[in-house]
Participant: 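One structure follows; several queries about it will come next.
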Amino acid sequence: MTSLQLLAEPSSLCSSNFIHFNPLYKTLTKPTTKPYRKPSPIRSVLQYNRKPELAGETPRVVVITSGKGGVGKTTTTANVGLSLARLGFSVVAIDADVGLRNLDLLLGLENRVNYTVVEVLNGDCRLDQALVRDKRWSNFELLCISKPRSKLPLGFGGKALVWLVDALKDRQEGCPDFILIDCPAGIDAGFITAITPANEAVLVTTPDITALRDADRVTGLLECDGIRDIKMIVNRVRTDLIRGEDMMSVLDVQEMLGLSLLGVIPEDSEVIRSTNRGFPLVLNKPPTLAGLAFEQAAWRLVEQDSMKAVMVEEEPKKRGFFSFFGG
């Protein structure tokens, strides 16, 4: 069994600004030849020599889906959305999970959702009143389809969501750069509604058989709907299990699904803490490995880029005393 060494595209990173992680002080420092000094924390998580160039026509309508529940779609939407906002792009995140919405909880905006799309369609409020602007980053806005205990109109479906996206394009405040749609689990009517206005997709999966089977099925449905730009994020990767041949490597996942790799998110215990606090990982100081991975995935999403996974040989196992006797 082989493990992975993940490398970003050369065009994405600047060699002079390459960041090293110092485990002694848990901060990010730059390599230097000057006398050693205690490193100081930096405010920016990623040090690039330029701002990412937005590829494609705006708005970029991206649906974040998986098929299987619990693989990290909502976590990905929250962290990638805020990462895009921190890069200077205007973002509208739509929680398309009608009955079990959770995106507002992960963002810490649950107490500010007063109106939803249902009230907009009924004429009870304007669209700008239903949009919840994040106080931390004013260019990030949240829009919920409905409240958990409310009933949707019988006519709500893909056409209503297309109308909603068109209304966001024509609003007076200006067209957003990205519209991220948090897709519900499964492949029923909620899934069909969420993918209808999208022109590209981010498929979130974990390296286990059940998630991969559902991801393969969802990939076929997306292609049948006309969405050809599909990229993959592999979540909850553990290198120790990969070395022990207890988990598939990211390269194995990529070969099974045949999709471009947008990002690899390592297993991180900070995900639970950030979820309970309503504080996404990308805002943590000092940053975590998972938070850095989400920011790099957002950078690649802006430029419609992908990352490469290079396979390296597994480290040789230590041989014990009884190995001389064939044990």
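Since we're looking at a predicted model, the values are computed, not measured. Residue numbers run from 1 in the order of the sequence given.
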Participant: At their closest point, which heavy atom of Asn235 faces which heavy atom of Gly72, and how far apart are they?
Facilitator: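 Scanning both residues, the minimum pair turns out to be ND2-CA, 3.9 Å.
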Participant: With a 4.5 Å heavy-atom cut-off, do Ile233 and Thr205 have their side chains touching?
Facilitator: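 Counting from C-beta outward, Ile233 and Thr205 never come under 4.5 Å.
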Participant: What I'd like to find out is whether the side chain of Val204 reaches to under 4.5 Å of the side chain of Thr65, using heavy atoms alone.
Facilitator: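 Heavy-atom side-chain distance check fails, nothing below 4.5 Å.
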Participant: Are the side chains of Val91 and Pro176 in contact, using a 4.5 Å heavy-atom criterion?
Facilitator: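 The answer is no; the side chains never approach within 4.5 Å.
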Participant: If we ignore angles and hydrogens, is there a donor and acceptor under 3.5 Å between the side chains of Ser260 and Lys231?
Facilitator: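 On atom types as modelled, these side chains do not qualify, holding no pair under 3.5 Å.
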Participant: Would you indicate whether Tyr115, at its atom OH, is surrounded by more than 12 heavy atoms from other residues, nucleotides or ligands within a distance under 6.0 Å?
Facilitator: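 No, not enclosed.
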Participant: Can you see which heavy atom on Leu87 is nearest to which on Pro52, and at what distance?
Facilitator: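 Minimum heavy-atom contact is CD1-CG, 4.0 Å.
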Participant: How far apart are the C-alpha atoms of Ser306 and Leu261, what are their side-chain angles, what is the distance that settles it, and do they pass the side-chain contact (heavy atoms from CB on, under 4.5 Å) test?
Facilitator: CA-CA 5 Å; Ser306 60; Leu261 189 59; 5.5 Å; no
Participant: Salt-bridge test for Glu141 and Arg133: reply yes if a basic N is under 4.0 Å from a carboxylate O, no otherwise.
Facilitator: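 Result for this pair is yes, salt bridge flagged.
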Participant: Check the pair Asp216, Thr219 against side-chain hydrogen bond (donor to acceptor under 3.5 Å, both in side chains), reporting the backbone distance first and the verdict last.
Facilitator: CA-CA 5 Å; Asp216 184 62; Thr219 302; 5.5 Å; no
Participant: Among Val117, Leu103, Leu168, exactly one meets side-chain contact (heavy atoms from CB on, under 4.5 Å) together with Ile94. Which residue is that?
Facilitator: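 It is Leu168; the other options fail the test.
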Participant: Just by modelled atom types, is the Leu281 backbone N or O under 3.5 Å from a matching donor or acceptor in the Asn79 side chain?
Facilitator: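 Judged by distance alone, yes, a pair lies under 3.5 Å.
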Participant: Is it possible for you to say whether Leu105 and Val113 belong to one hydrophobic cluster, with membership spreading through side-chain heavy-atom contacts below 4.5 Å?
Facilitator: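 Result: no, two separate clusters.
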Participant: Do Asp182 and Thr74 get their side chains close enough for a donor-acceptor pair, meaning under 3.5 Å?
Facilitator: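 Thr74 and Asp182 do have a side-chain donor-acceptor pair below 3.5 Å.
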Participant: With a 4.5 Å limit on heavy-atom distance, are the side chains of Val132 and Leu143 in contact?
Facilitator: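 When only atoms from C-beta onward are counted, Leu143 and Val132 do not touch, as no gap falls below 4.5 Å.
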Participant: Could you tell me which non-hydrogen atom of Ser274 sits nearest to which non-hydrogen atom of Val271, and how far apart they are?
Facilitator: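 What the structure gives for the nearest pair is OG-O, 2.9 Å.
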Participant: Could you check if a side-chain atom of Val92 sits within less than 4.5 angstrom of a side-chain atom of Leu180, using non-hydrogen atoms only?
Facilitator: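 A side-chain contact under 4.5 Å is absent here.
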Participant: For residues Val165 and Ile179, report the shortest heavy-atom separation together with the two atoms involved.
Facilitator: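 Between these two residues, the closest heavy atoms are CG1-CD1, 3.9 Å.
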Participant: Do we see a donor-acceptor contact under 3.5 Å between the side chains of Thr288 and Asp268?
Facilitator: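 Per modelled atom types, Thr288 and Asp268 side chains form a pair under 3.5 Å.
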Participant: Under a 4.0 Å threshold between the charged nitrogen and the carboxylate oxygen, would Glu295 count as salt-bridged to Arg86?
Facilitator: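 The answer is yes: the pair qualifies as a salt bridge.
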Participant: For Arg213, is the CZ atom crowded, meaning more than 12 foreign heavy atoms sit under 6.0 Å from it?
Facilitator: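 No, not enclosed.
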Participant: What are the two closest non-hydrogen atoms of Leu82 and Val282, and how far apart are they?
Facilitator: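 What the structure gives for the nearest pair is CB-CG2, 4.0 Å.
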Participant: Does any N or O in the side chain of Asp225 come within less than 3.5 Å of the main-chain N or O of Ile227, such that one atom is a donor and the other an acceptor?
Facilitator: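 Not confirmed, Asp225 side chain does not pair with Ile227 backbone.
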Participant: Looking only at heavy atoms, which two atoms of Arg101 and Asp95 are closest? And how far apart?
Facilitator: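 Minimum heavy-atom contact is CB-OD2, 3.1 Å.
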Participant: Is NZ or CZ of Lys135 both nearer than 6.0 Å to the six-membered ring centre of Phe140 and within 45° of the ring axis?
Facilitator: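 No, Lys135 does not sit over the ring of Phe140.
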Participant: With distance as the sole test, does Arg300 use its side chain to make a donor-acceptor pair with the main-chain N or O of Leu262 at under 3.5 Å?
Facilitator: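 The answer is yes, because a donor-acceptor pair under 3.5 Å joins these two groups.
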